[in-house]
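Just below is one structure, and these are the notes that go with it.
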There are 2 protein chains.
Amino acid sequence: MEVDKKEEIDSESSEQVVNPWEVSAKDGGKIDYDKLIDKFGCQRLDESLIDRVQRLTSRQPHVFLRRGVFFAHRDFNEILDAYEKGDKFYLYTGRGPSSEALHLGHLIPFMFTKYLQEAFKVPLVIQLTDDEKCMWKNLSVEESQRLARENAKDIIACGFDVTKTFIFSDFDYVGGSFYKNMVKVSKCVTLNKAMGIFGFSGEDHIGKLSFPPVQAVPSFPSSFPHLFPGKDNLRCLIPCAIDQDPYFRMTRDVAPRLGYSKPALIESSFFPALQASTLLSSLQLLKGENGKMSASDPNSAIYVTDTAKDIKNKINRYAFSGGQDSVEKHRELGANLEVDIPVKYLSFFLEDDAELEHIKKEYGEGRMLTGEVKKRLTEVLTEMVERHRRARAAVTDEMVDAFMAVRPLPNMFE
Amino acid sequence: MEVDKKEEIDSESSEQVVNPWEVSAKDGGKIDYDKLIDKFGCQRLDESLIDRVQRLTSRQPHVFLRRGVFFAHRDFNEILDAYEKGDKFYLYTGRGPSSEALHLGHLIPFMFTKYLQEAFKVPLVIQLTDDEKCMWKNLSVEESQRLARENAKDIIACGFDVTKTFIFSDFDYVGGSFYKNMVKVSKCVTLNKAMGIFGFSGEDHIGKLSFPPVQAVPSFPSSFPHLFPGKDNLRCLIPCAIDQDPYFRMTRDVAPRLGYSKPALIESSFFPALQASTLLSSLQLLKGENGKMSASDPNSAIYVTDTAKDIKNKINRYAFSGGQDSVEKHRELGANLEVDIPVKYLSFFLEDDAELEHIKKEYGEGRMLTGEVKKRLTEVLTEMVERHRRARAAVTDEMVDAFMAVRPLPNMFE
C-alpha cells in the first residue's frame, strides 16, 4: 500500500528525487522535507513523541531529536507503546563501505544509534553492505571487504557496547536463515515493483535487482538465529537517513505476507555540504548528482581523518556564510541563518542549547561576525574529530573480531 | 557472444521453445534437436568423441553415449584434451527438488553422471536447488528443504562414491565464497540480458532474476573452497538435459570476465512420456506446457515409487505403440519404430546392444508383436525400479549427512 502511494505521487510530481542513489531537488534547490514526508507516506516526528522518549528513557533526548535532525518516522510510536509495557526491541542500522574515510555526515546515524542503544538498553545489529558496494561501485570483493573492516573501526569508535552489538558484513554473513529470508522477500517483490521503487532500468545488472532483499532482511529477527533465538516477533527499529526509506517501504510492504512484524523507522534529513549555498546536502555532493562539485571533492565535507589545520582551513575557505559582504552591512542587517553553514553545523554538533541560541541571536542580529562563528565551529569540530581519532586509534583488530563474531549476546536484554 | 547468437536466432524463428521452464515444439510436435544445436550454438557429440571417451577410459561408453541420449556438448573435447595430458576435472550436476517421487527421466542425468564419475575417476558436486523450487513452485522453505533431502536419497541410491561426491542444498550452502561468486556473476549480467536469455517479464518476482547466478557458480571451483583448495582453475564438466543450457550459456559468457574457465557441458535430449504419440517428452508433459495432459498426470511417466503392477499396467495401457491396428496388418507392415515408446524406452534402458537390435529388427518387420515388446520393457523397468527401491531403502539419514557434510574429500583426485 505504501509502495503504491509512493508510485502514484511520483508520477504526478517529479520535482525532487530521493532514493538510495540519487538526491536531487528542483533546480538544484533545497529538499522539501514536508513534501518528502507526504510523498513517502511516513510521519513527522513531533514534540509529543520526543517528550515521550524523554519520559521513557529518563534522560534528555539527543540533540538530533531536539533539533529535528531526525524528523520523520514510521511506527516509532508503536515501538514506544510496546516499550512502555516492558517489551524491548532491537536496533538495525548500516553502512555501505564505499570509501575509507568517513565524513561527519556518515557519523550522524551512528552517533544517534549509540544514543538509542544506551537510552533504551537494547541490542543492535549493524550491516556493512560490502556486497552492495562491490556491485555498485565496481570494487573487487576483497577491496569492499577491506573497506567494510576499516569502516567497522570508525563505527566501533563511536562507542558501541560490544555486549549488545553485532556488526556483520554481507560477504561474511549471508547464508543460512539470512539467505532463507532473502528468498522469502524476493518471492514477494515483482520486477515491475522493484523498478518502480528503486528506479532500476534494463541496463542495470541483476545484482542490483537482487540486493534490496539483502538490506531488507536484517529487519527480521529470524535472520539472526544466534542473536534472537525464539524471539521471532521482536520488533525492529531502524535509524537511517531518509534516502534509505525505499528499502524499508518495500520491507514493510512484504513483512505481513511473511508473518513478520514491519520494522519501525526513525529517519534523518541530510547533512549539508560545506559549500551548500542552497543547502545541497553533502550526500548530494558526494553522490555527484549536482553539477559543480564532484563526488571526489574533499572540500565539500569534513572527514574524520582531517587534521586540525585541514578543518580550520576548510571551514574558513569553504563553509558557506550567511553573513553580509561588509562588516557595516553585517552590523546593520545581521546574518541570514537559513543559509549559513557554520550555524547549521553548530546546530548538529554544539550540544549546549543555551550557547547555540546565544550564537544564533547575536549572529542573526549582526553583533557577532562570521569569523567568530567559524572559529567556534572550528573548535567544536576539531575536538570532535580529535576525540574520534583517538577512539579509532584504540580500536584493535581483536575488537573488530569481537564485534563481528557470530555469537549469542548474553546481556542482550538486560 | 553465445548469448547474442541465441537471441538473434530467437527473433527470427520461434517455432520451438526450450528453456528451463518451457519445452514446446511447433504445433505440439517433435523437438528438432539439430535446430536446437544451431540455435543454442553448441556442438553435436559425434562418433569420434565417443571413440575417444572409450580409449581414454578403457571401457565401453555408456549406453546413453552410444545411443545418442547425450547428443550435444560445449568444449567436451577440451576436457578430454586436458584429461589426456593428465589434468583432471570435476563434474557438476543438480536437481530442482519440486516433487517427492522421481520418474525415470529424472534418473537419466544421475545414471550418466555416475558413469562419468567412475570412468574418469573425478569428484562431483550435486546442487539441490531448494531455493529455486521455493520461489518457482511457491513451496515453503521447510517443504523445499524436506524435498531436497528426500531427493538426495534417490540420488545417493544411484550409487555415487561418497569419497568423491558432495551433495548440497542451496538453503544450506549459499554463503561465503559461493555468495561472493554469485555477486561477481550478478554484476556481469544486465536485466535486459537476463530477460532475453530466460524470458522473464516484469510480472516475475525478483527472486527469479536473482536465481541464475545461484545455478551458475557451482561451475567455478572457488565456490567450494573446502573441496578444491588451491585449484581455482580446475575445469568443470556439466552433464544435464539441454533445457538447462540457458543457465550455462550465461555462465560461459560471464566466466572469462571473472578470470574463470568456462564450464564444459554434455547435454541430453528429453526423455519421452509414455503417451507421447508425437514424442512429446515427459519433461513437456510434466511441465504441463502441452495441452491435454496435466502436470500431475501420474500416467505420463513411470515413477521410482511405482509397484511392479503399476509399471505393467502403465506400459500396457498408456505406452504409445507404433504397432499396427491388427495382427494381420502388423505382420504385413511391421511397427513404426520412430513413434514407438516401448522401443524408445528400451533404447534407454536395455543395455544389451544385440538384444535391442534383435527386437528392433523383429518388431520393425512385424515378426514381433507390441505385446511382446511391452512385456520385455516391463521386465527391464520392473527390475530397474526394484533395484532402485532396494538401494534407496538402504540409504540412511547418516548417509545423507555424510554426502552433504562440508568436508575435504581426501580421495578427490586419486
Side-chain angles (χ1 to χ4, degrees), chain A residues 129-142 144-145 168-198 200-214 216 222 250 254 257-259 406, chain B residues 129-142 144-145 168-198 200-214 216 222 250 254 257-259 406:
Chain A
T129 56
D130 46 7
D131 53 348
E132 177 203 6
K133 292 306 169 185
C134 170
M135 289 191 286
W136 261 267
K137 302 284 176 183
N138 206 20
L139 301 175
S140 70
V141 169
E142 294 70 25
S144 45
Q145 284 194 290
F168 66 99
S169 108
D170 290 338
F171 277 136
D172 284 346
Y173 191 70
V174 167
S177 303
F178 196 97
Y179 179 61
K180 287 172 192 165
N181 274 337
M182 283 164 54
V183 168
K184 288 180 186 178
V185 169
S186 300
K187 278 170 80 168
C188 296
V189 182
T190 65
L191 176 55
N192 284 339
K193 186 161 263 188
M195 292 177 92
I197 299 173
F198 298 104
F200 297 135
S201 81
E203 285 309 305
D204 281 315
H205 60 64
I206 57 173
K208 295 190 179 183
L209 269 301
S210 311
F211 179 73
V214 181
S222 62
M250 182 196 84
V254 163
R257 294 154 68 189
L258 304 180
V406 175
Chain B
T129 56
D130 46 7
D131 52 348
E132 177 204 6
K133 292 306 170 185
C134 170
M135 291 191 286
W136 261 266
K137 301 284 177 184
N138 207 19
L139 302 176
S140 70
V141 168
E142 293 70 25
S144 45
Q145 284 195 290
F168 67 99
S169 110
D170 290 338
F171 276 136
D172 283 347
Y173 192 70
V174 167
S177 302
F178 195 98
Y179 179 62
K180 287 172 192 164
N181 275 336
M182 282 163 55
V183 168
K184 288 181 184 177
V185 169
S186 301
K187 279 170 78 168
C188 296
V189 182
T190 65
L191 177 55
N192 284 340
K193 186 161 262 189
M195 292 176 92
I197 300 173
F198 299 104
F200 296 136
S201 83
E203 285 308 306
D204 282 316
H205 60 65
I206 57 173
K208 293 189 181 182
L209 269 301
S210 312
F211 180 72
V214 181
S222 62
M250 182 196 85
V254 163
R257 295 154 68 187
L258 303 181
V406 176

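Being a predicted model, the structure only gives us computed values, none of them experimental. Throughout, a chain's letter reflects where its sequence line sits, starting with A, and its residues are numbered from 1.
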(message) Tell me the closest heavy-atom pair linking A:H205 and B:S186, and the distance in Å.
(response) CB-O, 3.4 Å
(request) State the CZ-CD1 distance between B:F198 and A:I206, to the nearest 0.5 angstrom. (result) 7.5 Å
(request) Determine the option with the most heavy-atom pairs under 4.5 angstrom with chain A, choosing from B:D204, B:L209, B:V189. (result) B:V189
(message) Between B:D131 and chain A, with a heavy-atom cut-off of 4.5 Å, which part of the residue counts as in contact: side chain, backbone, both or neither?
(response) both
(message) Looking at every heavy atom in both B:G202 and A:T190, which two are closest together, and how far apart are they?
(response) O-CB, 3.7 Å
(message) Using 0.5 Å steps for rounding, measure from the CG atom of B:L191 to the CD atom of A:E203.
(response) 9.0 Å
(message) Need one label for B:K208: side chain, backbone, both or neither, based on atoms under 4.5 Å from any heavy atom in chain A.
(response) neither
(message) What part of B:N138 gets within 4.5 angstrom of chain A, counting heavy atoms only: side chain, backbone, both, or neither?
(response) both
(request) Answer with side chain, backbone, both or neither: which region of B:P213 has an atom nearer than 4.5 Å to a non-hydrogen atom of chain A? (result) side chain
(request) Could you check if a side-chain atom of A:Y179 sits within less than 4.5 angstrom of a side-chain atom of B:V214, using non-hydrogen atoms only? (result) yes
(message) Is A:V141 in contact with chain B via its backbone, its side chain, both, or neither, using a 4.5 Å heavy-atom distance?
(response) side chain
(message) Measuring from atom OG of A:S140 to atom NZ of B:K180, what distance do you get when rounded to the nearest 0.5 angstrom?
(response) 11.0 Å
(request) Would you mind checking which part of A:S201 comes under 4.5 Å of any heavy atom in chain B, side chain (CB onward), backbone (N, CA, C, O), both or neither? (result) backbone
(message) Heavy-atom pairs under 4.5 Å with chain A: which of B:V183, B:V174, B:D170, B:D172 has the most?
(response) B:V174
